[in-house]
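Below: one structure, written as structure tokens.
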Amino acid sequence: METRVRFAPSPTGALHIGGGHTALFNWLWARRTGGKFVLRIEDTDRERSTQEYEETIMSGMRWLGLDWDEGPDLGGPYGPYRQSSRLDLYWENAEKLAAEGHAYKDGNAVIFKVLPNVELSFDDVVYGRIETKSDGLRDRESGDLKDIVLLKGDGMPTYNYAVVVDDHFMKITHVIRGEDHISNTPKQLLIYKALGWEPPLFAHLPMILGKDKKKLSKRHGATSVYEFRDMGYMPDSVFNFLANLGWSAGEDKEIFDREEAAELFELSRVTRKPAVFDPDKLNFINQEHLKRLDPTTRLGLIKPFWKEAGLPVEEYDDAYLAEALTLMGGRGQTAKELAAFSDYYVSFEPVKERWKPEGVSPVGVTEELRPKLKDFFSVLLAEPHWAAEALETRARAWVEEKGVKMKDYAMTLRYALTGMKVSPGIFEVATLLGRDEVKRRLEFYDLV
RNA sequence: GGUCCCAUCGUCCAGGGGCCUAGGACACAGCCCUUUCAAGGCUGCGACGCGGGUUCGAAUCCCGCUGGGACCGCCA
């Protein structure tokens with residue numbers, strides 16, 4: 001039988017990390033088994049659901065590379081895929097439950113009667129056997145057995161009811177969702193039972209917690225996938241990072257792409273312990289993916305951040321800019337960081353803003369030192385073969401002759417060209433910047 | 001309060017009776033490389049929550065405790 005899984009967000013906010021994690025594992029399982037991944041919108045909360053959020057969630061999923069096979073935009077054989085368009089189905093089956101005595105009406109609402117001592121144990125694909133009875137479904141204060149609202153006063157179904165009806169009619173084979181739903185499962189099982197339907201397999205996923213071990217929320221800073229995009233994280237990295245939460249590819253493999261993950265994924269390897277979101281690890285994974293990018297892709301990623309910083313990106317050709325980024329090597333953990341670290345290739349302005357004569361490590365540009373620096377830079381600028389190796393050879397010869405330290409002069413050059421105390425090899429930087437630009441920058445600081 | 005779930009380095013994972021003096025990764029520290037910072041290489045720091053069993057042997061199985069978490073909405 002074909003595997004059918006679904007991700008069923010309610011459009012009451014952007015796609016957050018926890019939702020992305022759930023969607024990702026569903027996607028992985030669908031791709032691994034060659035099955036179908038269904039997107040269903042649970043918009044039964046009329047107050048909070050909006051069309052905008054629905055679109056935001058969908059584009060968040062697309063950004064992560066989680067494509068679905070059936071959904072409100074694509075349609076499919078078991079639609080419609082928006083709960084607000086499936087009301088007849090909910091009404092019909094609620095009516096049936098009421099007619100058979102499983103439910104009763106309370107005004108417009110239809111409420112499922114919970115009987116004591118009903119066996120509701122089930123075998124969770126990741127948690128194993130979960131033993132419970134209907135007796136556990138008690139009210140917080142009164143402690144009485146609590147009936148389950150099926151249809152609300154406004155005619156909309158509740159989550160626990162709609163999810164059963166939809167999963168059944170959409171022929172979902174595996175319900176893969178967060179562990180916070182384990183305790184909802186018995187209620188749903190009760191409804192399956194009353195309706196005489198075969199329940200799907202359940203596979204619950206460990207929660208993602210913040211540093212304080214509490215369920216990840218806004219308090220923990222960035223939680224929507226878009227915030228990560230805006231901070232300069234790549235979708236491949238966020239995907240990779242999320243996939244490693246509650247699952248491992250095995251064999252110490254932790255950097256991978258979607259295809260590899262889809263090939264290796266196994267529900268049986270999903271862990272049960274809640275996972276703490278570690279931004280350091282995300283940074284590392286992002287850096288790894290950043291390093292693996294080809295120059296063109298990398299440039300496409302960095303450009304927006306340069307532009308955002310107000311740099312005249314259009315004045316340069318792509319080959320030059322790509323070369324600059326190649327020179328940057330493994331520096332920077334996010335696109336934003338890499339863009340900030342490499343602004344001096346695109347403009348002299350940020351260099352000027354950072355420059356302080358005394359800021360040059362370790363000695364600063366003192367008037368006493370200036371003549372020597374001028375001599376050094378003049379010699380460099382006079383180098384006929386404008387290439388990193390030739391410049392370095394020339395510089396080494398000069399410092400050796402003068403009996404001074406390369407570091408003092410290289411650092412001043414670095415600072416004048418980049419406005420930073422750290423950069424790739426400064427002769428490489430100078431080479432790429434070109435003789436004219438190097439001269440311009442040095443002249444500006446009266447260093448040549 | 002009730003029900004359920006979970007428990008290996010600070011964090012993410014591996015290990016599921018002997019291969020474990022517990023492995024990898026992030027982070028952290030140090031060294032090498034070096035004109036600086038990354039990258040890379042090497043080294044170090046660092047965990048089976050506690051107590052009982054079962055067993056020749058337990059991180060691994062069982063029980064209890066403790067500690068976390070989730071749910072108990074006409075929210076999803």
Side-chain angles (χ1 to χ4, degrees), chain A residues 8-13 19 42-45 47-49 83 106-111 124 127-128 130-143 146 148-163 177-187 204 206-207 209 211 213-215 241 244-255 269 271-285 287-288 291 328-333 338 341 361-362 392 395-396 399 405-415 418 420-427:
Chain A
S10 70
T12 54
E42 311 219 324
D43 57 347
T44 55
D45 183 342
E47 301 283 287
R48 300 192 300 145
S49 299
Q83 289 186 329
D106 178 10
N108 291 325
V110 178
I111 299 171
D124 191 278
Y127 284 85
I130 292 175
E131 306 269 2
T132 91
K133 292 202 292 277
S134 59
D135 291 58
L137 307 175
R138 289 179 184 280
D139 185 76
R140 196 162 156 62
E141 293 93 37
S142 70
K146 200 165 192 191
I148 302 166
V149 176
L150 265 23
L151 255 27
K152 300 184 266 184
D154 66 359
M156 295 302 255
T158 56
Y159 164 74
N160 280 122
Y161 173 56
V163 82
R177 70 216 321 186
E179 185 244 70
D180 47 344
H181 287 294
I182 279 189
S183 35
N184 281 144
T185 309
K187 294 177 212 168
H204 289 93
M207 298 275 87
L209 313 177
K211 202 97 195 151
K213 305 252 183 183
K214 298 269 186 263
K215 195 169 164 179
F241 172 75
N244 278 326
L245 253 32
W247 177 72
S248 66
E251 312 222 325
D252 295 335
K253 187 175 187 59
E254 58 174 9
I255 303 296
R269 287 185 64 84
T271 61
R272 287 163 284 272
K273 192 176 72 164
V276 174
F277 182 99
D278 181 8
D280 285 333
K281 189 83 172 198
L282 208 211
N283 285 337
F284 165 77
I285 289 177
Q287 184 170 28
E288 289 303 307
K291 282 194 287 196
M328 292 301 289
R331 273 158 272 249
Q333 295 195 301
L338 177 51
F341 290 170
S361 169
E392 184 171 346
R396 285 193 186 286
V399 294
K405 281 185 289 187
M406 169 73 108
K407 185 177 178 179
D408 297 342
Y409 291 81
M411 280 309 282
T412 306
L413 179 59
R414 167 170 293 111
Y415 200 60
T418 70
M420 295 187 183
K421 292 175 187 174
V422 301
S423 80
I426 199 56
F427 301 112

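Protein chains get the first letters and strands the later ones, always in sequence-line order, with residue 1 at the start of each. None of the values given here were measured: they were computed from a predicted structure.
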Restricting both atoms to N or O, compile the protein contacts to nucleotides 63-65 of chain B shorter than 3.5 Å, with distance only.
none

Examine [N]: is either OP1 or OP2 under 4.0 Å from a nitrogen or oxygen in the side chain of [X]? Give yes or no.
| X | N | value |
| --- | --- | --- |
| A/T12 | B/C75 | no |
| A/K281 | B/A27 | no |
| A/K253 | B/A25 | no |
| A/R269 | B/G15 | yes |
| A/T158 | B/C74 | no |

Residue whose closest nucleotide on RNA chain B lies nearer the 5' end, A/D280 versus A/R138: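 Mapping each residue to its closest nucleotide by heavy atoms, the 5'-most match is A/D280.
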For A/G136 and for A/S423, find the nucleotide of RNA chain B with the closest heavy atom, then tell me which residue's nucleotide is more 5'.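 Looking at the nearest nucleotide for each, A/G136 comes out on the 5' side.
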Out of B/G15, B/U35, B/G24, which nucleotide sits closest to the side chain of A/E254?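 Between B/G15, B/U35, B/G24, the one nearest the side chain of A/E254 would be B/G24.
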Could you please name the option among B/U8, B/A27, B/U35 that lies closest to any side-chain atom of A/R414?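 Out of B/U8, B/A27, B/U35, the nucleotide with an atom closest to A/R414's side chain is B/U35.
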For [N], what is the paired nucleotide under Watson-Crick or G-U wobble rules, both distances under 3.5 Å?
| N | answer |
| --- | --- |
| B/G40 | B/C32 |
| B/C65 | B/G49 |
| B/C71 | B/G2 |

Given atom [atom1] of [X] and atom [atom2] of [N], what is their separation to the nearest angstrom?
| X | N | atom1 | atom2 | result |
| --- | --- | --- | --- | --- |
| A/D278 | B/A27 | CG | P | 9 Å |
| A/D252 | B/A22 | CG | P | 16 Å |
| A/L338 | B/C37 | CG | C1' | 13 Å |

Going by heavy atoms in the side chains, are A/D43 and A/R48 under 4.5 Å from each other?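 Of all side-chain heavy-atom pairs linking A/R48 with A/D43, none is under 4.5 Å.
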Measuring only between side-chain heavy atoms, which start at C-beta, is A/I182 closer than 4.5 Å to A/I130?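 Yes, at least one pair of side-chain atoms sits under 4.5 Å.
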Identify each atom pair where a protein N or O and an N or O of nucleotides 68-71 of chain B are less than 3.5 Å apart, giving names and distance.
from, atom 1, to, atom 2, distance (Å)
B/G69, OP1, A/K214, NZ, 2.1
B/A70, O2', A/D180, O, 3.2
B/C71, OP1, A/K215, NZ, 3.4
B/C71, O4', A/S183, OG, 2.9

Taking salt bridge (Lys or Arg N to Asp or Glu O under 4.0 Å) as the definition, give me every residue that meets it alongside A/D180, ordered by chain and number, with sequence neighbours left out.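 Checked A/D180 against salt bridge (Lys or Arg N to Asp or Glu O under 4.0 Å); matches are A/K215.
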Establish, yes or no, whether a centroid distance under 6.0 Å links the rings of A/F284 and A/F241.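 For A/F284 and A/F241, the ring centres are not under 6.0 Å apart.
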Work out how far the P atom of B/C62 is from that of B/G17, and round it to whole angstrom.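 Going atom to atom, P in each nucleotide, I get 11 Å.
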B/U60 and B/A27: how far apart are their P atoms, nearest whole angstrom?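 Looking at atom P only, B/U60 and B/A27 are 31 Å apart.
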